[in-house]
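Worksheet: the structure to be examined is printed underneath.
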Number of protein chains: 2
Amino acid sequence: MLRGEITTAIRAAVMQELAEVGYGRLSIEAVARRAGVSKTAIYRRWRSKLDLVLDMVSAVAGRNLPLLDTGSLLGDLEILLHVMARALRHRLASQIIPDLLAEAARNPQIAEKLQAALDDYQQAVGRILIGRAVERGELSPDTDPRAAVDLIVGPIYWRLAIARAPLDTAEVPRMASAIVAALRVACVRPVRDEVEV
Amino acid sequence: MLRGEITTAIRAAVMQELAEVGYGRLSIEAVARRAGVSKTAIYRRWRSKLDLVLDMVSAVAGRNLPLLDTGSLLGDLEILLHVMARALRHRLASQIIPDLLAEAARNPQIAEKLQAALDDYQQAVGRILIGRAVERGELSPDTDPRAAVDLIVGPIYWRLAIARAPLDTAEVPRMASAIVAALRVACVRPVRDEVEV
DNA sequence: ACACGTCGGGACGCAACCGTATCGTCGTTG
DNA sequence: CAACGACGATACGGTTGCGTCCCGACGTGT
């Protein structure tokens, strides 16, 4: 039987290494060093670096955030933004997530895993958050969940993960209300007659 | 005198390699191989891999996009979104940009260069696009350019570079009008009394 | 108490890459 | 026309990481 403590140590070390050097430069040797463990211990548990990372992504991405129902779209959005802000402010997360997303652009296996997690997330946001708002009559039933997710998640991700500028707590309600306004306008489902450019 | 053709070949090879393996795994040897050039040729021109990439970033980021004045905020936004969509759909750009942004999270030098380029860009968008709209009376003079940029750029970047979902041309006007609605609401400058979380 | 099975540690051969030093070549200049 | 100067190609020692193999330690079950 594999010792759980060591598996845990390896997992933690992978997170640290991933944040520090990224997936591209992640080496089994460095992980083993940091975890205070032998390489064999790692190879016994995972076949390769890809396996290792994919496993961790599954574990982390598996957690589906509970979208609280505050009774209004604005309230729901504020909570969602606060949760996202909290997650993206973590040093490890804010380094690992963009790194893996970039890696996904060239690694089909990672892309698949991340896409699955992302789809789950987007579907949850779209169906639950938007769904509720539609039921309440706050949004048109025609609202395209796909486009809605872009409007909701894009700004805060850009701010915290790309521009890496601080986001004051006081700004969240303002951002939320702006998004509500945007969602009310973006109610037309995409037209399919046009040619993609 | 250094031969310009070779410098050009190296630059092209770096772009290709950057897209294919990322900054982390970028190796001078591979660049030289791809460019059909000797390593010495590269070391004569740049001191290190970092120098090489920083130089390219400066060159590319230097181009400031001309923000056409269509006479309305909506029109200006549509054009901006089309330009961004066009850029982000390029295979090289859509792989290199997220990769370098992720690398910037751990490399101060890259972060500085990218931040400078990003700031220029954001300032241009904020001052020109928002400034014009304010002059026209389309937006409140209190509009925070910082927050505005997040609302403008976030959704399309998320859609094309993160979620990597296709964006139909027909959806751009819808996204633009949604952003206009968001900007009209996001007119209050950030409050500074609150504590950052 | 003993023997077996499983684990982690360390070493090994192999490959890739780094950064440099040396060599041959070509164009230019006196 | 010859010699100089700058260039690109190649070779080299050193480092790092890969994936595997063997050995000693430990715990368990009889």
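Below, chain A is the first sequence line, B the second, and so on; all start at residue 1.
Nucleic acid contact class of Arg47(A) (heavy atoms, under 4.0 Å, all strands): none. At a threshold of 4.0 angstrom between heavy atoms, the contacts of Arg33(A) are confined to the sugar-phosphate backbone, with no base atom among them.
The line from CG of Leu101(B) to CG of Asp99(A) is 11.5 Å long, rounded to the nearest 0.5 Å. Rounding to the nearest 0.5 angstrom, the gap separating the OG1 atom in Thr169(A) from the CG atom in Leu81(A) is 12.0 Å. Put simply, CG on Leu18(B) and OH on Tyr23(B) are 9.0 Å apart, with the number rounded to the nearest 0.5 Å. Rounding to the nearest 0.5 angstrom, the gap separating the CH2 atom in Trp46(B) from the CE atom in Met56(B) is 7.5 Å.
Using a 4.5 Å cut-off on side-chain heavy atoms (C-beta onward), Leu100(B) and Val53(B) make contact.
For Asp55(B) and Arg45(B), the salt-bridge test fails: no basic side-chain N is under 4.0 Å from an acidic carboxylate O.
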Could you spell out the base pairing of DNA chain D as a dot-bracket line? Use Watson-Crick and G-U wobble contacts where both distances are under 3.5 Å, [ ] for crossing pairs, | for partners on a different strand. ||||||||||||||||||||||||||||||
Extract from the structure each pairing of a protein N or O with an N or O of nucleotides 5-8 of chain D at less than 3.5 Å, listing the distance.
unit_1 : atom_1 : unit_2   : atom_2 : d
dC7(D) : OP1    : Met1(B)  : N      : 3.3
dG8(D) : OP1    : Arg45(B) : NH1    : 3.4
dG8(D) : OP1    : Arg45(B) : NH2    : 3.1
dG8(D) : N7     : Arg44(B) : NH2    : 2.8

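Residue-environment remark: CZ (Arg136(A)) exceeds the threshold of 12 foreign heavy atoms within 6.0 Å.
First and last contacting nucleotides of DNA chain C toward chain A (any atom under 4.0 angstrom from a heavy atom, 5' to 3' order): dT6(C) to dG10(C).
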